[in-house]
Amino acid sequence: MVHDMMRADADVLVIGSGAAGMYAAIEAARRGADVFLIDRSLIGRGGATVMAQMTVAVALGAEVPDHWSHHLDDTLAAGRGLCSEPLSRLLCEEGPECILEMEQWGIGWARRDGHITQAIAPGHDRPRCVYVDFLNTGPAVSKTLRTVVNKTQGIAKAGDLCVVDLVRQDGEVAGAVALHLGSGAPVVISAKATVVATGGLTRLYRRNSASANMGGDGYALAMRAGAPLIDMEFVQFFPIGHLAPRLVGMDPIMWDPFRYKLGGRLLNNRGEEFADRYGTPEDGKYVLTRDVATYAILKEVEAGRGSPHGGVYLSFEHCSEAALRAAFGPVIDRLAANKIDLTRTAVEVAPIAHYHMGGVKTDAAMGTGIAGLFVAGEAVGGANGANRLSGNAITEALVFGKRAGRSAAEHAARTRLPSLEPASTRAALDLMAAGGRDTDLNTAELVQTLQATMADDVGPLRTKAKLARALATIDGLTRALGSRPAGGGKAFDYRRLDWLDLRNMLLVAQVVAAAALRRTESRGAHQREDHPGMLPEWNANQVARWEDGRTDFAVATLAAEMAAQ
Ligand SMILES: Cc1cc2nc3c(=O)[nH]c(=O)nc-3n(C[C@H](O)[C@H](O)[C@H](O)COP(=O)(O)OP(=O)(O)OC[C@H]3O[C@@H](n4cnc5c(N)ncnc54)[C@H](O)[C@@H]3O)c2cc1C
């Protein structure tokens, strides 16, 4: 199938329109750059941002005195020694400015007694999380940024454009090649600077809180373009993802806000609160960090003390109807429509893949070491080390987005628009132009097998045997995928899209599993049953690079490396 090729150019190309991408676009445009903001979904509606539930961690000190250094202390403690301190510091120090700018842009953070309300969340030493009420934080962040994007001069935008590869030319990133999903046509974009803001990878797992667009594209794009990835073994599982009874039209991680506001009790099948067995009594409060809570729940299930569907119970039965309604108003009606009355029923919850601490290795300017390539948001690795605190991800997306937009605009201002050589785009264009394979490759089945493998063998509790088995399965799936795409390349050809997604998902899954196999200790979200406990020699980050068609790992102490910059 032959398509007309579409072309575009920009000073700054931003790939992905979650909080990070939209903030990057706004910042680059207000610094004078012509920006092209693209997304494989609709602008501002495709990834995690629009789904976020409640918390945005920031040291505003609106409830009690606070300072960004306290937020940093908590972030570093949660990261279990692996945080890239300059990135963590940036997140904490510049968070307040972004949050207040969002307020000026009309987001409407929840208020009490004339000040912005701040909730306490596990791992934070004081009330630090701002929110928009009734589970509306993510939609409000997204809507606010979409409105500013629409009003800002110099931002062109296009949805339905899935980036297939970055273009590398003369040692620099010079734009991208994308697939226009609505027509099947290839699109070649040349850019002086490119920002990858494509979010995380949790679609790799069977039970996840992700959208279909979160299969780790950005990690694969950056890696193939030569950028290093860091901390890829650290996948965060959200401990209390909804399991049962059936819940339609609500997010599986909605119980988090309930716990912030109402405490709730996490119980095993004997009706016991069990957190104290794992080091921290909860006593009706919400204090366990995500890595510890995930571990505790899985161990209770393993010991035969789990709920019927393989999780544990979360109970608000001690809360009155009035207290529930005061805290969650319309959400209680939605639960009633699902026949869930929290005053009478405990729900079942279990860990669910939720966020990725790892990602592209950047400096504090969001540069990757490859000229022209910047990264923002969840696509960046290192700021949260081995475990992320509640609320740090949205702040990270805003702060890193703004910083990446600034750096990209500055780079663009001193760079000429690259003229793309045919050789630089040929491989990606060939993938899109290829006629359909004559085999019956079932791409949907390959996705399911990969998700099952990652959940069963590269989940929160890992062993050498499981990880080796996962790597063998991933290798087999990669061979089955082959090098020639499935599908005919027509409009909305989901077989072709699955094939392109799998090309990225398998590469990223391989890096996650291989990094997990190499880290022979347990730390934060990475728990090796065959290597319990943290080891001082692993107080270091793993950096992965794609060289000559294979992944090479190096071990680096990022905190020290970046402090020396
Ligand atoms: C259900 C849920 C609830 C959450 N709740 C909270 C919370 O309360 N507090 C908190 O701090 N964090 C929360 N998080 C995490 C947080 O929302 C994310 O880490 C953050 O929003 C990521 O922002 P981002 O801009 O980096 O990526 P995203 O918002 O995920 O945006 C990435 C965009 O890139 C696009 N994209 C991907 N690949 C391509 C490609 N190849 N070509 C073009 N476009 C592409 C996607 O379509 C998407 O629009 C939550 C996450 C989830 C999933």
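Count residues from 1 along the sequence. The structure displayed is predicted, hence computed values, not measured ones. Indexing begins at 1, ligand by ligand and atom by atom, following the structure's order.
The aromatic rings of F328 and F258 sit parallel, their planes meeting at an angle under 30°, below the 60° perpendicular limit. The aromatic rings of F234 and H526 sit perpendicular to each other, their planes meeting at more than 60°, with 30° as the lower class boundary.
Within the structure, ligand 1 lacks R45 among the residues with a heavy atom less than 4.0 angstrom away. Under the 4.0 angstrom criterion for non-hydrogen atoms, V56 is not in contact with ligand 1. In this structure, T137 has no heavy atom closer than 4.0 Å to ligand 1. Residue contacts with ligand 1 do not include G138, since none of its heavy atoms lies under 4.0 Å from the ligand. Not a single heavy atom of R203 sits less than 4.0 Å from an atom of ligand 1. Between A210 and ligand 1 there is no heavy-atom distance shorter than 4.0 Å.
Annotation for ligand 1: atoms under 4.0 Å from non-hydrogen atoms of C162 are 41 (N), 42 (N). Interface atoms of ligand 1 facing I394, defined by a heavy-atom separation under 4.0 Å, are 9 (N), 10 (C), 11 (O), 12 (N), 17 (O), 21 (O). Taking every non-hydrogen atom of A397 and a distance limit under 4.0 Å, the qualifying atoms of ligand 1 come out as 23 (O). Of all atoms in ligand 1, listed by their number and element, those nearer than 4.0 Å to a heavy atom of I15 are 42 (N), 43 (C). Each of the following atoms of ligand 1 lies closer than 4.0 Å to a heavy atom of Y355: 19 (O). Of all the atoms in ligand 1, the ones that sit under 4.0 Å from a non-hydrogen atom of D251 are 1 (C). For ligand 1, the atoms closer than 4.0 angstrom to any heavy atom of G16 are 33 (C), 34 (O), 35 (C). Near G377, with a cut-off below 4.0 Å to any heavy atom, the atoms of ligand 1 are 26 (O).
Using a 4.0 Å cut-off between heavy atoms, A20 contacts ligand 1 through both its backbone and its side chain. Only the backbone of A197 comes within 4.0 Å of ligand 1, counting heavy atoms alone; no side-chain atom from C-beta on gets that close. Under 4.0 Å from ligand 1, the heavy atoms of L161 that appear belong solely to its backbone. Within the 4.0 Å heavy-atom criterion, neither part of M22 lies near ligand 1.
The pair R128-D74 meets the salt-bridge criterion, with a side-chain N (NZ, NE, NH1 or NH2) lying under 4.0 Å from an Asp/Glu carboxylate O. Looking at R40 and D501, a side-chain N of the basic residue comes within less than 4.0 Å of a carboxylate O on the acidic one, giving a salt bridge. Salt-bridge annotation for D256 and R290: present, with a side-chain N of the basic residue lying under 4.0 Å from a carboxylate O of the acidic one. Comment: D291 engages R80 in a salt bridge, judged by a side-chain N to carboxylate O separation of less than 4.0 angstrom. Of the charged side-chain nitrogens involved, none lies within less than 4.0 Å of a carboxylate oxygen, so that E63 and R126 do not count as a salt-bridged pair. E93 and R89 are joined by a salt bridge, as a carboxylate oxygen and a charged side-chain nitrogen come within less than 4.0 angstrom of each other. A salt bridge is absent between E396 and R388; no separation between the charged side-chain nitrogens and carboxylate oxygens falls under 4.0 Å.
The closest side-chain heavy-atom distance from V235 to H354 is not below 4.5 Å. Using a 4.5 Å cut-off on side-chain heavy atoms (C-beta onward), D9 and I189 make no contact. At least one side-chain heavy atom of L91 sits less than 4.5 Å from a side-chain heavy atom of F400.
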*What's the verdict on ring-ring contact (aromatic ring centres under 6.0 Å, His included) for Y260 and Y286, showing C-alpha distance, side-chain angles and the deciding distance?*
CA-CA 7 Å; Y260 294 129; Y286 188 22; 5.5 Å; yes

*In sequence, state the C-alpha distance, the side-chain angles, and the governing distance for E101 and K402, and then conclude on salt bridge (Lys or Arg N to Asp or Glu O under 4.0 Å).*
CA-CA 11 Å; E101 187 159 56; K402 186 172 185 180; 3.5 Å; yes

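Of the candidates V141, T55, L135, T55 brings a heavy atom nearest to atom 9 (N) of ligand 1.
Considering only non-hydrogen protein atoms, atom 42 (N) of ligand 1 sits nearest to V163 N, 3.0 Å. Here the heavy atom of the protein found nearest to atom 45 (C) of ligand 1 is R40 CG, 3.5 Å. If you check which protein heavy atom lies closest to atom 41 (N) of ligand 1, you get D217 OD2, 2.7 Å. Protein heavy atom nearest atom 22 (C) of ligand 1, with residue, atom name and distance: E378 OE1, 3.8 Å. The protein heavy atom nearest to atom 29 (O) of ligand 1 is T49 OG1, 2.6 Å. The protein non-hydrogen atom at the shortest distance from atom 4 (C) of ligand 1 is A52 CA, 3.4 Å. The nearest heavy-atom contact from the protein to atom 50 (C) of ligand 1 is H354 CE1, 3.5 Å. With hydrogens left out, the protein atom closest to atom 3 (C) of ligand 1 is I253 CD1, 3.2 Å, a heavy atom.
At a 3.5 angstrom cut-off on N or O pairs, A48 counts as close to ligand 1. At a 3.5 angstrom cut-off on N or O pairs, G200 does not count as close to ligand 1. Among the atoms of M54, some N or O lies under 3.5 angstrom from an N or O of ligand 1. At least one N or O atom of Q53 sits closer than 3.5 Å to an N or O atom of ligand 1.
Taken from CG in L502 to CG in L481, the straight-line distance is 5.5 Å, to the nearest 0.5 Å.
Between the side chains of R203 and N213, not a single donor N or O lies within less than 3.5 Å of an accepting N or O.
Between H70 and H124, a ring centre-to-centre spacing not shorter than 6.0 Å is recorded.
For the salt bridge (charged side-chain N to carboxylate O under 4.0 Å, His left out) with D133, the qualifying choice from R112, R111, K261 is K261, the only one to do so.
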